[in-house]
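Working notes for the structure below.
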Amino acid sequence: MQMINRAVVIVRPKQPLLDWVNATDPPEEPFTLDQIRGEGTALLVPEVDDERALERVLRRKFPRIFEQELEGWCNDEDTWPVDRSYKVFREWFDVEFHSMVFDLADDRIAPEKS
């Protein structure tokens with residue numbers, strides 16, 4: 001087992017995202033918060049030692065994360081919220097931080113081929 005030079009954040013939707021999902025393309029049976037929170041989205045971020053450093057990283061990276069999460073539910077950008085500020089990001093998502101990341105795989109990390 002080898003520790004790698006990354007931290008992990010896990011992003012989980014909150015009620016405002018659920019409300020948007022259910023209003024944007026109403027499913028026959030509305031989603032629940034438990035359903036959409038599921039396992040969350042795990043993201044590797046630069047190695048940081050504390051919450052303050054993570055906050056700086058998030059402030060730089062949140063637009064990309066926000067858009068990725070919205071796109072996962074709806075590709076039509078016209079339906080996305082106009083205000084995608086950091087404040088709104090934090091209102092729409094819980095962010096969980098893990099500073100110790102270990103790689104248990106034997107093969108090298110490689111980007112997924114498209």
Side-chain angles (χ1 to χ4, degrees):
M1 178 169 24
Q2 185 174 24
M3 190 169 185
I4 63 172
N5 64 340
R6 296 286 184 268
V8 170
V9 294
I10 299 174
V11 177
R12 295 183 196 280
K14 292 165 65 171
Q15 189 67 44
L17 182 85
L18 173 66
D19 295 341
W20 173 77
V21 165
N22 284 330
T24 299
D25 186 16
E28 192 172 304
E29 186 70 32
F31 290 105
T32 67
L33 194 53
D34 285 341
Q35 286 174 316
I36 71 165
R37 286 179 64 85
E39 61 185 45
T41 301
L43 303 150
L44 292 175
V45 296
E47 188 173 30
V48 294
D49 294 328
D50 57 37
E51 294 284 335
R52 288 177 62 174
L54 173 64
E55 190 70 21
R56 287 191 300 275
V57 169
L58 282 177
R59 284 188 177 277
R60 285 194 321 269
K61 303 289 186 183
F62 88 89
R64 195 166 161 198
I65 299 168
F66 205 161
E67 290 178 2
Q68 176 183 316
E69 291 296 314
L70 294 172
E71 189 174 334
W73 289 100
C74 180
N75 290 330
D76 183 0
E77 293 181 25
D78 292 337
T79 68
W80 292 5
V82 175
D83 183 359
R84 294 193 298 272
S85 63
Y86 186 70
K87 179 180 182 287
V88 171
F89 172 74
R90 294 306 296 245
E91 289 169 357
W92 282 42
F93 299 95
D94 280 325
V95 177
E96 187 179 316
F97 168 62
H98 300 275
S99 61
M100 294 176 56
V101 180
F102 294 89
D103 187 356
L104 296 175
D106 294 328
D107 55 334
R108 296 187 65 142
I109 294 174
E112 188 175 295
K113 295 177 183 176
S114 45

Worksheet item: CG of L58 to CD1 of I65: how many Å apart, nearest 0.5 Å?
Response: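 Here the interatomic distance stands at 5.5 Å.
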Practice prompt. Look up atom CG in L18 and atom CD1 in I36, then write down how far apart they are to the nearest 0.5 Å.
Written response: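 Rounded to the nearest 0.5 Å, the CG-CD1 separation comes to 4.5 Å.
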Discussion item. Once ring-ring contact (aromatic ring centres under 6.0 Å, His included) is applied, what residue pairs with a partner in residues 37-66 remain, sequence neighbours excluded?
Written reply: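 The answer is F62-Y86, F62-F89, F66-F89, F66-W92, F66-F93.
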Worksheet item: Quick one: ring-ring contact (aromatic ring centres under 6.0 Å, His included) pairs with a partner in residues 24-53, sequence neighbours left out?
Response: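 Every ring-ring contact (aromatic ring centres under 6.0 Å, His included) pair that includes a residue of residues 24-53, provided the two are not neighbours, is F31-W73.
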Practice prompt. Flag yes if more than 12 heavy atoms outside M3 fall under 6.0 Å of its CE atom; otherwise flag no.
Written response: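 Enclosed: over 12 neighbouring heavy atoms sit under 6.0 Å from CE of M3.
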Discussion item. List the residues meeting side chain to side chain contact (heavy atoms under 4.5 Å, CB included) with V48, not counting sequence neighbours, and say none if there are none.
Written reply: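 V48: side chain to side chain contact (heavy atoms under 4.5 Å, CB included) contacts with A7, A53, L54, V57, F97.
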Worksheet item: With a 4.5 Å heavy-atom cut-off, do L70 and P81 have their side chains touching?
Response: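 Heavy-atom side-chain distance check passes, below 4.5 Å.
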Practice prompt. Enumerate the residue pairs fulfilling side chain to side chain donor-acceptor pair (under 3.5 Å) with a member in residues 12-26, sequence neighbours excluded, ordered by first and then second residue.
Written response: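 Pairs touching residues 12-26 that pass the test: Q15-D19, W20-T24.
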Worksheet item: Can you pull the side chain to side chain donor-acceptor pair (under 3.5 Å) pairs that have at least one residue in residues 94-108, sequence neighbours excluded?
Response: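 Output for this query lists R37-D94, E96-H98.
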Discussion item. By the salt bridge (Lys or Arg N to Asp or Glu O under 4.0 Å) test, which pairs, at least two apart or in different chains, include something from residues 42-58?
Written reply: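 Checked against salt bridge (Lys or Arg N to Asp or Glu O under 4.0 Å) - neighbours excluded - the pairs reaching residues 42-58 are E55-R59, E55-R90.
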Worksheet item: Applying salt bridge (Lys or Arg N to Asp or Glu O under 4.0 Å), which residue pairs with at least one partner in residues 68-89 are found, sequence neighbours left out?
Response: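 Pairs touching residues 68-89 that pass the test: E67-R84, K87-E91.
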Worksheet entry | Nearest non-hydrogen partners of P13 and L33, listed with the distance |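 Looks like O-CD1, 3.9 Å.
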